[in-house]
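Notes follow the structure.
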Amino acid sequence: MDIEIFPHRILSANTTEKLLNDLEEVEGIKRMVIQGQRLPSEDINSERRVITVKGEEIDLQVQTGRVILEIEDEEVIDDIRDICEDHLHFGFQIHIGTFIRKQKTVSDKIKYGESLDQISEEMVGLTDQNAQLSERATIIKRKEQ
Amino acid sequence: MAQFYPGTSKVAENRRRFSNPDVELEKLREISDEDVVNILGHRAPGEEYPSVHPPLEEMDEPDDAIREMVVPLDGAKAGDRVRYIQFTDSMYFAPAQPFLRSRAYLCRFRGADAGTLSGRQILETRERDLEKYSKELLETEWFDPARTGIRGKTVHGHSLRLDEDGMMFDMLRRLVFDKDTGKVHAVKNQIGDELDEPVDMGEPLEESVLKEKTTIYRKDGEAYRDDADAVEILHRIHVLRSQGGFCPE
């Protein structure tokens with residue numbers, strides 16, 4: 001199942017970095033998508049920078065407006081809520097729903113062609129059709145792996 | 001007495017205040033003439049106004065009764081260029097809102113041309129008059145450093161949530177909030193070119209003050225539907241326009 005964290009303010013790169021690092025500690029989160037306004041290069045807008053999540057460098061290309069999470073079950077939501085309360089003192093909402101596409105589509109077939117079969121199910125739905133998957137998605141390995 | 005806007009709510013009252021040229025709006029900050037010119041970015045401070053050449057007096061213009069009747073603006077008399085200032089107003093209780101700006105500009109500023117879009121509003125007039133009007137717009141209640149943006153381009157942001165400092169989203173970050181002083185500084189001009197020196201725009205207004213001053217109807221502020229008088233006039237205009245447009249003869 002998916003949930004969406006909807007902060008009442010748009011988040012700075014610092015807050016995003018702290019939030020993602022803490023969320024990464026929670027067991028039961030499978031995938032995360034950050035959605036927001038795209039930002040120009042760093043010399044125009046200092047909010048665009050490289051953030052570090054669990055040692056993995058991520059080019060934060062947006063100013064975070066929502067964080068969408070795919071979770072294993074509803075029990076995880078309470079942990080996520082606690083973390084959000086620590087970082088999002090200006091208020092937030094958590095919505096339950098389906099926010100990440102789960103199936104490969106005809107558009108994917110047109111975009112990737114024969115190599116669609118090689119794309120794992122985990123990578124489906126993480127970015128919009130017009131973007132290069134490699135530019136937008138980062139794989140963060142868990143400790144045990 | 002001129003009727004500027006219907007309604008009994010505080011928002012309606014504020015709209016009438018902005019629109020009525022007899023009301024003097026409160027001055028909230030001081031911005032030097034030089035800084036206004038820098039923020040506009042149309043010419044360098046101290047530079048002469050680029051105007052028509054040869055000067056208008058030396059030109060042999062055709063006789064025109066209207067030209068004799070209408071007293072020209074200072075800028076028109078000098079043959080200045082037409083230049084602009086454009087504002088983006090946040091939906092989060094910014095003091096002025098685009099349609100209100102247009103109404104009020106036409107009542108207050110002679111010779112000014114106003115263009116309205118959903119989130120931004122442009123004022124066009126002769127350069128030296130524009131600088132005079134811009135100074136008034138930036139120094140008085142028209143402007144709040146956090147919720148109003150001076151944006152000649154890349155205007156997006158009026159309908160977005162505010163950022164953590166309470167500033168409206170601006171992709172080019174022209175106005176920057178200084179956490180140490182609590183003030184907002186303009187670091188770029190309206191089209192996003194770096195300024196040599198940042199311009200102090202003062203402190204953002206408190207939320208409660210903004211809710212008192214705002215001209216936007218919002219459900220979490222004053223809802224439009226609760227202003228019975230304004231709704232009644234709107235209905236009347238709607239019916240008359242429909243009937244008039246249906247079969248004019």
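Scope of the values below: all heavy atoms of this structure, side chains included, with no hydrogens, waters or symmetry mates. Letters A, B, ... mirror the listed sequences (proteins, then strands); counts begin at 1.
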Taking side-chain contact (heavy atoms from CB on, under 4.5 Å) as the test, write out the residues that go with A:V33, two or more places apart.
A:I68, A:I100, A:L126
Should we count CE of B:M91 as having more than 12 external heavy atoms under 6.0 Å?
no
Side chain to side chain donor-acceptor pair (under 3.5 Å) partners of residues 73-84 of chain A, not counting sequence neighbours, each pair once
none
Going through the distances and angles, do A:L39 and B:F169 end up as a side chain to side chain contact (heavy atoms under 4.5 Å, CB included)?
CA-CA 11 Å; A:L39 296 174; B:F169 175 82; 3.8 Å; yes
A:I10 side chain reached by B:L162 side chain, heavy atoms, under 4.5 Å:
no
At a 3.5 Å cut-off, give me the donor-acceptor pairs between chain A and chain B, one pair per line with the distance.
unit_1: A:P7; atom_1: O; unit_2: B:R161; atom_2: NH1; d: 2.6
unit_1: A:R9; atom_1: NH1; unit_2: B:D163; atom_2: O; d: 3.3
unit_1: A:I10; atom_1: N; unit_2: B:L162; atom_2: O; d: 2.9
unit_1: A:S12; atom_1: N; unit_2: B:E164; atom_2: OE2; d: 2.7
unit_1: A:S12; atom_1: OG; unit_2: B:E164; atom_2: OE2; d: 3.1
unit_1: A:T15; atom_1: OG1; unit_2: B:E164; atom_2: OE1; d: 2.9
unit_1: A:T15; atom_1: OG1; unit_2: B:E164; atom_2: OE2; d: 2.7
unit_1: A:Q37; atom_1: OE1; unit_2: B:H156; atom_2: NE2; d: 3.1
unit_1: A:I44; atom_1: O; unit_2: B:K188; atom_2: NZ; d: 3.0
unit_1: A:N45; atom_1: ND2; unit_2: B:M171; atom_2: O; d: 2.9
unit_1: A:G65; atom_1: O; unit_2: B:R161; atom_2: NH1; d: 2.7
unit_1: A:G65; atom_1: O; unit_2: B:R161; atom_2: NH2; d: 3.1

Residues 41-78 of chain A vs ring-ring contact (aromatic ring centres under 6.0 Å, His included), sequence neighbours excluded, gives none
If you count the non-hydrogen atoms of other residues, nucleotides and ligands that lie under 6.0 Å from CZ in A:F92, is the total more than 12?
yes
